[in-house]
2 protein chains.
Amino acid sequence: MQTRHGENCPLDATVTILSGKWKSIILCRLTKQDQRFTELLRTLPGCTRRMLALQLSQLITDQIIAKDVDTTFVPTKTSYHLTDLGRSLVPIIQSMDAWGRQYITTLDNAEHGTSI
Amino acid sequence: MQTRHGENCPLDATVTILSGKWKSIILCRLTKQDQRFTELLRTLPGCTRRMLALQLSQLITDQIIAKDVDTTFVPTKTSYHLTDLGRSLVPIIQSMDAWGRQYITTLDNAEHGTSI
DNA sequence: CAGTATCCTTGGGGATACTG
DNA sequence: CAGTATCCCCAAGGATACTG
């Protein structure tokens with residue numbers, strides 16, 4: 001496992017896993033409950049079939065999520081869930097989300113002169 | 001402040017701030033101590049002058065870091081440091097770094113059949 | 001020393017159509 | 001339903017040269 005600088009920076013590895021236009025939202029959804037492909041697609045307005053499949057497959061490659069395919073029916077039912085590794089990321093995801101929320105309100109307040 | 005999906009996802013805001021090829025390493029350095037431009041450049045092999053300036057200016061725009069310029073000398077001395085907002089990110093950066101370290105060793109062990 | 005300016009390449013992401 | 005395959009575009013990033 002190498003990072004993109006040749007240099008060992010675990011932080012960068014974590015950032016890289018989370019980088020991708022739809023990965024944040026996908027992970028927020030999966031943190032709350034397992035999701036079907038179409039259900040994700042439906043609740044991610046603007047995300048195309050192709051992009052959803054891409055982002056999901058990258059998260060699978062990184063072993064953050066996994067999929068279950070139920071072939072007893074046609075058409076097939078697929079659902080995605082967090083792996084153990086993915087679940088170990090949840091606390092960090094939550095603190096990043098909380099920090100982002102705080103960050104946004106801080107900038108908003110500064111912008112509207114509401115600080116001090 | 002909007003995220004790139006139009007949807008409100010603070011996690012994505014945080015990820016976006018950290019996304020950029022050299023930002024992780026820069027932040028790791030600045031977490032330990034303030035740094036001069038050239039000092040950063042010297043310790044980031046592969047990073048060009050241009051890229052370093054770009055990544056630094058983005059972090060400044062996002063109000064994560066700030067710079068001091070000492071014009072009492074020619075040539076000018078510039079140094080970069082974390083802002084209050086930046087310092088509030090440090091605990092998260094550290095937990096992301098720790099998680100990344102664990103992630104890498106987990107994958108390495110699985111790869112070499114050292115698990116179980 | 002600490003940057004810009006210019007030019008070029010690459011890959012992330014969008015639109016659309018097809019398939020098991 | 002849950003994806004691929006194709007084609008296209010733009011922004012991130014690299015190489016190199018110039019400057020206050």
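Order of the sequence lines sets the chain letters (A, B, ...), proteins ahead of strands, with each chain counted from 1.
- With hydrogens and angles disregarded, no donor-acceptor distance shorter than 3.5 Å links the side chain of B:Tyr80 to the backbone of B:Leu40.
- In this view, A:Thr105 and A:Gln102 satisfy the side chain to side chain contact (heavy atoms under 4.5 Å, CB included) rule, not counting sequence neighbours.
- Every salt bridge (charged side-chain N to carboxylate O under 4.0 Å, His left out) that A:Arg87 has, sequence neighbours left out, goes to A:Asp84.
- With sequence neighbours left out, B:Thr83 forms a side chain to side chain contact (heavy atoms under 4.5 Å, CB included) with B:Ala66, B:Leu85.
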Pick out the pairs of N or O atoms, protein on one side and nucleotides 14-20 of chain D on the other, that lie under 3.5 Å.
| unit_1 | atom_1 | unit_2 | atom_2 | d |
| --- | --- | --- | --- | --- |
| D:dG14 | OP1 | B:Lys21 | NZ | 2.2 |
| D:dG14 | N7 | B:Arg50 | NE | 3.4 |
| D:dG14 | O6 | B:Arg50 | NE | 3.4 |
| D:dG14 | O6 | B:Arg50 | NH2 | 3.3 |
| D:dA15 | N6 | B:Arg50 | NE | 3.3 |

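- Looking at residues 31-43 of chain B, you'll see B:Arg36, B:Phe37, B:Thr38 sit with a heavy atom under 4.0 Å from some atom of DNA chain C.
- Under the rule for a side-chain hydrogen bond (donor to acceptor under 3.5 Å, both in side chains), A:Ser95 has no partner lying at least two apart in sequence or in another chain.
- Looking at heavy-atom distances under 4.0 Å, A:Gln55 makes contact with sugar-phosphate atoms alone, never a base.
- With sequence neighbours excluded, the residues satisfying side chain to side chain contact (heavy atoms under 4.5 Å, CB included) with A:Thr72 are A:Asp70.
- Under the side-chain hydrogen bond (donor to acceptor under 3.5 Å, both in side chains) criterion, B:Arg101 pairs with B:Asp97, not counting sequence neighbours.
- Applying the side-chain hydrogen bond (donor to acceptor under 3.5 Å, both in side chains) test to pairs two or more places apart or on separate chains, those with a residue in residues 48-60 of chain B are B:Lys23-B:Gln58.
- Between the CG atom of A:Leu52 and the C1' atom of C:dG12 there is a distance of 16 Å, rounded to whole Å.
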Using a 3.5 Å limit on both pairing distances, list the dot-bracket string of DNA chain C from the 5' end; Watson-Crick and G-U wobble pairs count, crossing pairs take [ ], interstrand pairs take |.
||||||||||||||||||||
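- Residues satisfying the salt bridge (charged side-chain N to carboxylate O under 4.0 Å, His left out) test with A:Arg36, not counting sequence neighbours, are none.
- Qualifying side chain to side chain contact (heavy atoms under 4.5 Å, CB included) partners for B:Asp68, counting only residues two or more places apart in sequence or in other chains: B:Ser79, B:His81.
- Put simply, CG on B:Leu56 is 11 Å from C1' on C:dG3, counting in whole angstrom units.
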